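Inspection log for the structure reproduced underneath, given as structure tokens.
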There are 2 protein chains.
Amino acid sequence: MTIHLTRAQDTASNPCTHDYQVNCGNCRLNSICLPLALESDDIQQLDDIIQRSKPLQKHQHLYRESDDFQSVYAVRSGTIKAYKTTDDGQEQVTGFYFPGEILGMDGISNNAHASSAKALETAAVCEIPFASLEKLSTLMPNLQRHFFKLLSREITEDQQLITLLSKNSADERVAALMLSISGRNARRKLSATQFRLPMSRVDIGNYLGLTVETVSRVFSRMQKMDVLRVDNKEIEILNPQGLQDMANLGS
Amino acid sequence: MTIHLTRAQDTASNPCTHDYQVNCGNCRLNSICLPLALESDDIQQLDDIIQRSKPLQKHQHLYRESDDFQSVYAVRSGTIKAYKTTDDGQEQVTGFYFPGEILGMDGISNNAHASSAKALETAAVCEIPFASLEKLSTLMPNLQRHFFKLLSREITEDQQLITLLSKNSADERVAALMLSISGRNARRKLSATQFRLPMSRVDIGNYLGLTVETVSRVFSRMQKMDVLRVDNKEIEILNPQGLQDMANLGS
DNA sequence: CGGTTAGTTGAAGGTCTTCAACATAGGTGG
DNA sequence: CCACCTATGTTGAAGACCTTCAACTAACCG
């Protein structure tokens, strides 16, 4: 049985109940998710292997560490948190995934997921069975290339986080994260200056290698400096250049 | 003109001058580098695209950040350091690559190398032109799968470093690096307890997000605790279990 | 052999953490 | 719908760990 889903949208708050099929060709995230030079016929083939049957409730897991690796996932709506649990039970957040972004690729190397993924809010994902993707990739060099690039991109992003953790102060780390989220919102044609953080302070601290208290203090400081307006999870960037300076990432 | 090279070996200190061709089939690193279920015919095809014409002097660059991406590289002998330079001129070491390991994959995503790579000592590498590799991968599903896995592996390793930087103390970080090097030596049938560090204290600190002074102090402390014997770059692990405990990575 | 680079050690200082108390938000049942 | 309860977030004070600065020693290289 095929479940017909609503059109992909950033928030699940306004679910469209019209019963028509989403596909990669008409998905408005495809410029983020699949910036491919694929023939429309190719897109159809890709579309055929993708499963859209996974709406997730808040806090629900998409997969867990050491689960069998079967698929990678593209976020259609909501936000997914990826994290590892260290052997002494601590959590390390390895990434936040917004609509259009792809997660789960760290599971390829060992045929088992290297991290867990859970929804921070109601979320919908496209499941891409990896075996099918591999087969299709041998037939479509563009697709193969795209996935090589996606994997490589994940590496460069991890390296940026490594640099951030290794070299930057608490202020700089938080500023960098805010800029990252802002940029990713802009890419989805959402406001770059006003947004709601889907993750908790704990998650932010965990991702940035800081304690909750430090994150909270940084937000207070930024607010005092009129760089940010912070109202619980609602963020407004009042001074983008100031935030950029604060991040001190050069570029 | 084809340059005939000596057999791959871990240290370049004892160069064999016999003039015979190395190939993937007879390379003693192939179990690390290509643990593939490839037919010997396939290995020949792979072998044909690989170029072995790159002996590097100490401090010589293999590639630099933002160079055009053409190839990935397998280390045959010596050690390569990968690093990024932040916009304010600081260096962030992103990895050390030992014989049998593959680097340069972070360049795929943007067709430009995302980091620089330089030899820490005399080194030899196998250059694998990526365009050829892609073409061959469409024909050899096993090879495609292998490279997906290699990329994925790099991601999981970066995530481990992220966790290390985010959660672990200076002692734990240095201990973890020593264990990592020890394990990689063992994989190459070298001593797991005695080795010479190819990198400087600065590089270690840079990789682990610590200052040189801290690294030095950690080594002194470990020596005082009879966990390690440190004589400049010569390391002897006196108490492997103690080192493991010190790393506090669980597992 | 001299000069430079790399590594070690000590003392002081800074940034983030820890511990603790309090405030606010969010969800549930009366 | 409000009261309550728990989870989440904020703020302060003390302390820990790592850094910074400085001096010195040891290794390396021409």
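In this text, all values refer to a predicted model and were calculated from it rather than measured experimentally. No hydrogens, no waters, no symmetry mates; every other heavy atom, side chains included, goes into these values.
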* Asked: So what does Ser200(B) hit on the nucleic acid, given a heavy-atom distance under 4.0 Å: a base, only sugar-phosphate, or nothing?
  ->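 Touches sugar-phosphate only.
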* To do: Determine the contact category for Gly205(B): base if any of its heavy atoms lies under 4.0 Å from a base atom, sugar-phosphate if only primed atoms, P, OP1 or OP2 are that close, otherwise nothing.
  =>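 The answer is nothing, as Gly205(B) stays clear of every strand by at least 4.0 Å.
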* To do: Just say parallel, tilted or perpendicular for the rings of Phe69(B) and His113(B), cut-offs at 30° and 60°.
  =>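 Perpendicular.
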* **Pairwise 5' ranking along DNA chain C for Ala170(A) and Asn232(A), keeping only the more 5' one** =>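 Whichever sits nearer the 5' end wins; that is Ala170(A).
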* To do: Starting from the 5' end of DNA chain C, give me the residue, Asp231(A) or Asn168(A), whose nearest nucleotide shows up first.
  =>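 Here Asn168(A) is the residue nearer the 5' end.
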* Could you tell me which residues satisfy side-chain contact (heavy atoms from CB on, under 4.5 Å) with Arg187(B), sequence neighbours excluded, listed by chain and number? =>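 Applying side-chain contact (heavy atoms from CB on, under 4.5 Å) to Arg187(B) gives Ile32(B), Glu101(B), Arg153(B), Arg184(B).
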Please state how far atom [atom1] in [X] lies from atom [atom2] in [N], giving the value in whole angstrom units.
X: Asp203(A); N: dA7(D); atom1: CG; atom2: P; answer: 16 Å
X: Gln223(A); N: dT11(D); atom1: CD; atom2: C1'; answer: 14 Å
X: Arg201(A); N: dA25(C); atom1: CZ; atom2: C1'; answer: 12 Å
X: Arg221(B); N: dT9(C); atom1: CZ; atom2: C1'; answer: 12 Å
X: Lys58(A); N: dA7(D); atom1: NZ; atom2: P; answer: 14 Å
X: Glu121(B); N: dC29(D); atom1: CD; atom2: P; answer: 13 Å
X: Leu197(A); N: dT8(D); atom1: CG; atom2: P; answer: 15 Å
X: Leu164(B); N: dC18(D); atom1: CG; atom2: C1'; answer: 15 Å

Taking the minimum atom-to-atom distance to the side chain of [X], which one of [options] wins?
X: Ser169(B); options: dC18(D), dT11(D), dC21(D); value: dC18(D)
X: Thr211(A); options: dA22(D), dT17(C), dG26(C); value: dT17(C)
X: Thr214(B); options: dT19(D), dC16(C), dG9(D); value: dT19(D)
X: Lys233(A); options: dC16(C), dG9(D), dT9(C); value: dG9(D)
X: Leu210(A); options: dT9(C), dT10(D), dT17(C); value: dT17(C)
X: Ser216(A); options: dG9(D), dT10(D), dT9(C); value: dT10(D)

* Decide yes or no on side-chain contact (heavy atoms from CB on, under 4.5 Å) for Tyr73(A) and Tyr97(A), but give the supporting numbers first. => CA-CA 10 Å; Tyr73(A) 300 87; Tyr97(A) 294 85; over 6 Å; no
* Asked: Using a cut-off of less than 4.0 Å, is there contact between a side-chain N or O of Ser220(A) and OP1 or OP2 of dT10(D)?
  ->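 Answer no for this pair, as no side-chain N or O of Ser220(A) is under 4.0 Å from OP1 or OP2.
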* To do: Please state whether the phosphate of dC16(C), meaning OP1 or OP2, lies under 4.0 angstrom from any side-chain nitrogen or oxygen of Arg217(A).
  =>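 Answer is no, no contact under 4.0 Å.
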* Listed partners of His61(B) passing side-chain hydrogen bond (donor to acceptor under 3.5 Å, both in side chains), at least two apart ->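 So His61(B) forms a side-chain hydrogen bond (donor to acceptor under 3.5 Å, both in side chains) with Arg64(B), Tyr83(B).
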* Asked: Is there a side-chain contact between Pro198(A) and Phe98(A) (heavy atoms, below 4.5 Å)?
  ->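 Answer yes - side chains close enough.
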